[in-house]
Peer 1: 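Here it is: the structure, laid out below.
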Amino acid sequence: MDELRHVAIPELLRRIRAAGAAGEPWRADRETGALIARSLPRVRNVVATFRLPEDASVTIRDDDREDVAQDAARRALAMLGRFRGASEGEWYAAVITCARFTCRDHLRAEMTAERRLAGRLEDEPRFAHDLATLADRRALDAEAAHEAADGLTRALQHLPNPDQRHAIERTLEGWSTTEIAAQLGTSVDNVHQLRSRGFALLRKALA
Amino acid sequence: MTDRLLSEFIDAWRAGSRPDAGAYVDRAPPGAQAELAAAIEAFLALAPEPEYDEHAWAALTADPAIAKVAGAEPWSRMLPRLRERKALSTDGLAAALAQRLGVAGHEAKARAYLDDLEHDRLVPARLSRRLLDALAAVLDAPAAWLERATAGPAAATGALYRRQGEGEVEQRLEVIADAMLTRAEEWDEVDELFQGGR
């Protein structure tokens, strides 16, 4: 797969889609492998940091993380047929969305099972309904992925503090903390803070 | 402290060293962990891909999880698509297979098995090598690709002849047990093709 190391994500997506459209997905087998290889570190980290929106203390158990990450990567691949995005940013926003949905489904399914074991069935219809609405989840995933990509771009453009936006944009361009501090004429500690608060605000756009 | 941990994570990510976000979150004070987790997640949604050097790339692509993720297409999704691509009905595929495999006259049984395969009612590991090669030839698809196909997650527990995911040894024992329980005259070549294993 070494020849694919420098192939950009949009080109990988194009080749995988072309092979899929021809009904011959095996023609892009290596490209699919490269796309998964590049996406897995991000997916694993989202699984490791995921918190249930309703209760931030609920996380994925260490023992379950790898299985959930692989399920999330499968889900992202399955969504590819309906995914309209073509850029690296859109793909990774989609991957993150799929990872978050997979984490949420995993935790909710786990909670449903625990409720059943505990004999508390009164909440079950609601959770069962939530899970049932995921039946057509590929379409939902693709739609949510687009919304997430658009939402993040909008949120970044509208960060209230211009220094925060500047610190984040330069970070994403690969500038070091010291370089950003020098350009903004502020301390390194302040850049740490601007970045941390800015990303926390952007995270709300993903929710 | 949390601000600095986020910066450390960002630096490690950009260096291509595949940092474990969970470890960074664990280092934050309990009251600040959710905030750091949220900030890392937002960064990951926007962060460009790191430049992986040769060694990092080799490690990345040697990840055994890749095969598990990539090879997960179920027969119920794959077989109808491949069949339609060659403009074959299930009857047509059964006839072509029967002819290729030298089991003419058993098309109806082969068709029933193909229907089971399309509804995830067969255990993929039990499909014989001869059958996979014949399917590959008729459907014009690589046999290795067909070999990777799985039983679908929607398969009803009781409907599977044998559940996917159980150990290889258990599956072999199950095949032997089935063979011992089945009268020799009932188990024919078509059963062997679809359930005899590799």
Side-chain angles (χ1 to χ4, degrees), chain A residues 1-2 4-5 9 23-26 29 32-34 36-38 40-42 44-46 48-51 56-57 59 62 65-66 69-70 73-74 77 88-89 92-93 96-97 100 148 152 156 168 171-174 176-177 189 191-193 195-206, chain B residues 2-7 9-11 13-14 16 18-26 33-54 57-58 60-63 65-73 77-78 81-82 84-86 140-142 144-145:
Chain A
M1 236 187 268
D2 197 44
L4 296 175
R5 178 151 70 102
I9 295 283
E24 298 175 350
W26 50 85
D29 201 18
T32 304
I36 296 167
R38 289 176 175 188
L40 272 172
R42 216 173 284 249
R44 286 184 174 127
N45 277 323
V46 171
T49 56
F50 185 80
R51 258 96 178 129
S57 68
T59 59
D62 288 0
R65 283 183 186 171
E66 184 56 26
Q70 289 180 20
R74 276 187 208 105
L77 274 188
E88 181 182 313
Y92 283 130
I96 299 289
T97 304
R100 295 185 69 237
L152 277 172
L156 180 56
I168 286 178
T171 298
L172 296 174
E173 287 165 9
S176 71
T177 311
D189 279 345
V191 174
H192 290 316
Q193 196 180 71
R195 204 149 52 181
S196 178
R197 303 259 163 92
F199 278 121
L201 282 173
L202 291 179
R203 169 62 180 72
K204 288 181 182 162
L206 269 175
Chain B
T2 311
D3 303 339
R4 197 172 284 274
L5 283 170
L6 174 66
S7 292
F9 177 83
I10 290 172
D11 290 345
W13 175 267
R14 284 202 303 223
R18 293 181 292 150
D20 172 9
Y24 285 80
V25 172
D26 287 346
Q33 289 185 345
E35 190 189 329
L36 176 60
I40 288 177
E41 195 182 307
F43 167 73
L44 289 169
L46 288 164
E49 211 178 17
E51 268 298 317
Y52 293 114
D53 65 23
E54 208 173 306
W57 180 253
L60 210 60
T61 53
D63 189 335
I66 295 171
K68 291 184 194 168
V69 173
E73 191 175 35
R77 197 157 64 223
M78 181 174 69
R81 197 186 62 230
L82 293 178
E84 282 158 23
R85 177 171 152 265
K86 300 300 286 184
D140 193 18
W145 182 265

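Just so you know, these numbers come straight off a predicted model, no measurement behind them. So that the names make sense, note that chain A is the first sequence line, chain B the second, and so on, each numbered from 1.
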Peer 1: Checking heavy atoms, do the side chain of Asp20(B), its backbone, both or neither come under 4.5 Å from chain A?
Peer 2: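 Both backbone and side chain.
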Peer 1: For residues Thr49(A) and Phe9(B), determine if any side-chain heavy atom of one lies less than 4.5 Å from a side-chain heavy atom of the other.
Peer 2: no
Peer 1: Given that the side chain runs from C-beta out, which part of Leu201(A) has a heavy atom under 4.5 Å from chain B: side chain, backbone, both or neither?
Peer 2: neither
Peer 1: Under a 4.5 Å heavy-atom cut-off, does chain B meet the side chain of Leu172(A), its backbone, both or neither?
Peer 2: both
Peer 1: With chain B as the partner, which of Pro25(A), Ala48(A), Ala69(A) has the greatest number of non-hydrogen pairs under 4.5 Å?
Peer 2: Pro25(A)
Peer 1: Of all the heavy-atom pairs spanning Gln70(A) and Val69(B), show the shortest one and how long it is.
Peer 2: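 Here Gln70(A) and Val69(B) meet closest at O-CG2, 3.8 Å.
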Peer 1: To the nearest 0.5 Å, how far apart are CD1 in Ile10(B) and NE2 in His192(A)?
Peer 2: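 Going from CD1 on Ile10(B) over to NE2 on His192(A), the span is 10.0 Å.
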Peer 1: Does any backbone or side-chain atom of Leu6(B) lie under 4.5 Å from a heavy atom of chain A? Answer side chain, backbone, both or neither.
Peer 2: side chain
Peer 1: When heavy-atom pairs shorter than 4.5 Å are enumerated against chain A, which of Ala144(B), Ala23(B), Gly22(B), Ala65(B) gives the highest number?
Peer 2: Ala65(B)
Peer 1: Chain B: which of Glu24(A), Arg197(A), Arg51(A), Arg65(A) shares the most heavy-atom pairs with it under 4.5 Å?
Peer 2: Arg51(A)
Peer 1: Does Asp3(B) use its side chain to pair, donor to acceptor, with the backbone of Asp189(A) at less than 3.5 Å?
Peer 2: no
Peer 1: Let me know if Arg5(A) has heavy atoms under 4.5 Å from chain B in its side chain, its backbone, both or neither.
Peer 2: both
Peer 1: Counting only non-hydrogen atoms closer than 4.5 Å, does Leu82(B) touch chain A with its backbone (N, CA, C, O), its side chain (CB onward), both, or neither?
Peer 2: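 For Leu82(B), the side chain is the part near chain A, not the backbone.
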Peer 1: Check each atom of Ile40(B) against the heavy atoms of chain A and say whether the ones under 4.5 Å are side chain, backbone, both or neither.
Peer 2: side chain
Peer 1: Show the nearest heavy-atom pair for residues Ser196(A) and Ala39(B), with the distance to one decimal.
Peer 2: O-CB, 4.0 Å
Peer 1: State the CG-CZ distance between Leu202(A) and Phe43(B), to the nearest 0.5 angstrom.
Peer 2: 12.0 Å
Peer 1: Could you tell me which portion of Glu84(B) (side chain, backbone, both or neither) has an atom closer than 4.5 angstrom to a non-hydrogen atom of chain A?
Peer 2: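 Looking at Glu84(B), nothing touches chain A.
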Peer 1: With a 3.5 Å distance limit and no angle check, can you tell me whether Glu88(A) reaches the backbone of Glu49(B) through a side-chain donor-acceptor pair?
Peer 2: yes
Peer 1: Any non-hydrogen side-chain atom of Gln33(B) less than 4.5 Å from a side-chain atom of Thr59(A)?
Peer 2: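 They are not in contact (no side-chain heavy atoms under 4.5 Å apart), so the answer is no.
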Peer 1: Contact part of Glu173(A) toward chain B, heavy-atom cut-off under 4.5 Å: side chain, backbone, both or neither?
Peer 2: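 Contact with chain B is absent: no heavy atom of Glu173(A) under 4.5 Å.
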Peer 1: Side chain, backbone, both or neither: which part of Tyr24(B) has a heavy atom under 4.5 Å from chain A?
Peer 2: neither
Peer 1: Give a yes or no answer on whether the side chain of Arg14(B) reaches the backbone of Thr171(A) with a donor-acceptor pair at less than 3.5 Å.
Peer 2: yes
Peer 1: What closest approach, in Å, do Trp13(B) and Asn45(A) show between heavy atoms, and which atom pair accounts for it?
Peer 2: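 Result for this residue pair: CZ3-ND2, 3.8 Å.
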Peer 1: Between Ile66(B) and chain A, with a heavy-atom cut-off of 4.5 Å, which part of the residue counts as in contact: side chain, backbone, both or neither?
Peer 2: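 Both the backbone and the side chain of Ile66(B) come within 4.5 Å of chain A.
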Peer 1: Find the one option among Glu54(B), Glu35(B), Arg18(B) whose heavy-atom pairs under 4.5 Å with chain A are most numerous.
Peer 2: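 Counting heavy-atom pairs under 4.5 Å, the top option is Glu54(B).
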Peer 1: At a 4.5 Å cut-off on heavy atoms, which part of Arg44(A) comes close to chain B: side chain, backbone, both, or neither?
Peer 2: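 For Arg44(A), the contact with chain B is made by the side chain alone.
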Peer 1: Side chain, backbone, both or neither: which part of Asp62(A) has a heavy atom under 4.5 Å from chain B?
Peer 2: neither
Peer 1: Between Gln193(A), Arg38(A), Glu66(A), which shows the greatest number of heavy-atom pairs under 4.5 Å with chain B?
Peer 2: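 So the answer, after comparing Gln193(A), Arg38(A), Glu66(A), is Arg38(A).
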Peer 1: Testing the basics here: between Leu60(B) and Ala37(A), what is the closest heavy-atom pair and its distance to 0.1 Å?
Peer 2: CG-O, 3.5 Å
Peer 1: Of the non-hydrogen atoms in Asp140(B) and Trp26(A), which two are nearest, and what is the gap between them?
Peer 2: O-CZ2, 3.6 Å
Peer 1: Is there a side-chain contact between Lys68(B) and Arg74(A), using heavy atoms and a 4.5 Å cut-off?
Peer 2: yes
Peer 1: Taking the side chain from Arg42(A) and the backbone from Ala47(B), do they hold a donor-acceptor pair closer than 3.5 Å?
Peer 2: yes
Peer 1: What pair of heavy atoms forms the shortest contact from Ala70(B) to Leu77(A), and how long is it?
Peer 2: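 Between these two residues, the closest heavy atoms are CA-CD1, 4.5 Å.
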Peer 1: Who wins among Ile168(A), Thr32(A), Leu40(A) for the most heavy-atom pairs under 4.5 Å with chain B?
Peer 2: Leu40(A)
Peer 1: Can you tell which of Leu46(B), Leu36(B), Asp11(B) has the highest number of heavy-atom pairs within less than 4.5 Å of chain A?
Peer 2: Leu46(B)
Peer 1: With only heavy atoms counted, which part of Asp26(B) is less than 4.5 Å from chain A, the side chain, the backbone, both or neither?
Peer 2: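 For Asp26(B), neither part sits under 4.5 Å from chain A.
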